[in-house]
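Notes follow once the structure below has been shown.
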Amino acid sequence: GLQYDHPNNSAIRYVSPHEALLLTADISPSLGIQVNDELSVGFGLDLIYSKLRLKQYYPWIQLTGIPGTQDGELEYDGEGFGMGGFGGINWEFCPGHRLAFLGRLPVEIDYEGVFAAGNMPKSLTSFGFSAESPFLSNIEFPGMLGVGYGVDVTDRFTLGFDYQYFYN
């Protein structure tokens with residue numbers, strides 16, 4: 001996962017979240033098959049659970065215009081699931097030299113959760129504004145195509161090169 005925290009008095013506190021968390025847990029059942037001495041293939045599924053939380057300060061005075069209105073904190077807190085797949089081919093075209101091709105499908109995670117606006121001024125709630133509401137969002141994690149080459153320099157040392165292309 002990824003997480004960061006900015007100080008409460010940061011110069012960008014109204015522009016960027018002061019706290020962000022993106023957590024993913026991936027269960028990947030997979031299967032590999034040795035076709036012959038030179039060729040093997042593998043494939044599997046990505047079953048992903050993810051949690052997303054963003055917290056950002058908001059200057060309520062900009063909305064109300066009432067002097068002395070304290071800042072609030074906006075928070076998105078949700079979770080979601082996604083599914084994708086992957087596969088690869090490994091070919092040892094001569095002893096000690098391997099070429100591999102691999103691919104991973106993009107995974108879209110649909111998040112569902114609660115948006116909460118903390119410290120909302122009473123002047124807004126008296127007009128029917130709610131400090132909480134449901135939210136829906138999504139993140140598409142990119143797919144990937146790759147090719148790699150490996151050579152056994154010694155029995156204990158392998159040198160490899162690869163190229164990966166990411167796409168949505």
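Basis for what follows: all heavy atoms, side chains included, without hydrogens, waters or symmetry-related copies. Residue indices begin at 1 and follow the sequence shown.
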>> Run I109 and F81 through side-chain contact (heavy atoms from CB on, under 4.5 Å) and show every step you take.
In response: CA-CA 5 Å; I109 298 183; F81 296 90; 5.8 Å; no

>> Using the rule given for side-chain contact (heavy atoms from CB on, under 4.5 Å), can you reason through E92 versus D37, listing the C-alpha separation, both sets of side-chain angles and the distance that settles it, and then say yes or no?
In response: CA-CA 8 Å; E92 187 170 1; D37 289 342; over 6 Å; no

> Taking it one step at a time, do V35 and V41 satisfy side-chain contact (heavy atoms from CB on, under 4.5 Å)?
Replying inline: CA-CA 7 Å; V35 177; V41 296; 4.3 Å; yes

> Going through the distances and angles, do D46 and R104 end up as a side-chain contact (heavy atoms from CB on, under 4.5 Å)?
Replying inline: CA-CA 9 Å; D46 281 316; R104 184 174 294 275; 2.4 Å; yes

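Between the side chain of D152 and the backbone N or O of D155, no donor-acceptor pair lies under 3.5 Å. Looking at Y76, its side chain never comes within 3.5 Å of a backbone N or O of S137 through a donor-acceptor pair. Under the 3.5 Å distance criterion, the side-chain polar atoms of S16 are left unmatched by any main-chain donor or acceptor of I12. Side-chain atoms of E79 never come within 3.5 Å of backbone atoms of E112 as a donor-acceptor pair (strictly under, hydrogens ignored).
Between the CG atom in D26 and the CD1 atom in I48 there is a gap of 4.5 Å [rounded to 0.5 Å]. We find the OH-CG distance between Y49 and L23 to be 7.0 Å, quoted to the nearest 0.5 Å. For the atom pair OH of Y167 and CG of L105, the computed distance is 5.0 Å after rounding to the nearest 0.5 Å. Annotation: the span from Q56 atom CD to L74 atom CG amounts to 6.5 Å, rounded to 0.5 Å. Atom CG of residue L52 and atom CG of residue L21 lie 7.5 Å apart, to the nearest 0.5 angstrom. Taking OG of S28 as the start and CG of L45 as the end, the distance is 8.5 Å to the nearest 0.5 Å.
No more than 12 heavy atoms of other residues, nucleotides or ligands shown are found within 6.0 angstrom of OH on Y165. For Q3, the CD atom is densely surrounded, since the number of other residues' heavy atoms within 6.0 Å is greater than 12. In the displayed structure, I27 atom CD1 is contacted under 6.0 Å by at most 12 heavy atoms of other residues, nucleotides or ligands. Annotation for N168: atom CG counts as buried by contact number, over 12 foreign heavy atoms lying within 6.0 Å. Enclosure of atom CZ in F129 is not indicated, since only 12 or fewer non-hydrogen atoms of other residues, nucleotides or ligands lie within 6.0 angstrom. In the displayed structure, F93 atom CZ is contacted under 6.0 Å by more than 12 heavy atoms of other residues, nucleotides or ligands.
Using the six-membered ring where Trp is involved, Y149 and F161 have ring planes that are parallel, under 30° apart on the 30 and 60° scheme.
Annotation: side chain of P17 is not in contact with side chain of K55 (no heavy-atom distance under 4.5 Å). Taking the side chain as every heavy atom from C-beta outward, S50 and Y111 approach each other to under 4.5 Å. With a 4.5 Å cut-off on side-chain heavy atoms, L102 and M144 count as touching. Here the side chains of H18 and Y57 are in contact, with some heavy-atom distance below 4.5 Å. Taking the side chain as every heavy atom from C-beta outward, W91 and E38 approach each other to under 4.5 Å. Under the 4.5 Å side-chain criterion, counting only non-hydrogen atoms from C-beta, L124 is in contact with T64. Using a 4.5 Å cut-off on side-chain heavy atoms (C-beta onward), M120 and W60 make contact. Side chains of L39 and N90 form no contact here, defined as non-hydrogen atoms less than 4.5 Å apart.
Summarising the geometry of F86 relative to P29, their closest heavy-atom pair is CZ-O, 4.4 Å, with the distance given to 0.1 Å. In this structure, P121 and T69 approach most closely via the heavy-atom pair CG-CG2, 3.8 Å. Scanning both residues, A20 and L54, for their nearest heavy atoms gives CB-CD2, 3.7 Å. Here the shortest heavy-atom pairing between F127 and S123 reads CD1-O, 2.9 Å.
When hydrophobic clusters are built by joining Ile, Leu, Val, Met, Phe, Trp and Tyr residues whose side-chain heavy atoms come closer than 4.5 Å, directly or via intermediates, I33 is grouped together with I89. Hydrophobic clustering keeps L22 apart from V114 (ILVMFWY residues linked when any side-chain heavy atoms are closer than 4.5 Å, directly or through intermediates). The hydrophobic clustering, which links ILVMFWY residues whose side-chain heavy atoms are closer than 4.5 Å, places V15 and L63 apart. The hydrophobic clustering, which links ILVMFWY residues whose side-chain heavy atoms are closer than 4.5 Å, places F101 and F43 together. With hydrophobic clusters built from ILVMFWY side chains whose heavy atoms lie under 4.5 angstrom apart, I139 does not share a cluster with F166.
By the salt bridge (Lys or Arg N to Asp or Glu O under 4.0 Å) test, D71 is found to be paired with R13, residues two or more places apart in sequence or in another chain being considered. For D77, the salt bridge (Lys or Arg N to Asp or Glu O under 4.0 Å) partners at least two apart in sequence or on another chain are K51, R53.
For residues 58-67, no residue pair satisfies the salt bridge (charged side-chain N to carboxylate O under 4.0 Å, His left out) rule, not counting sequence neighbours.
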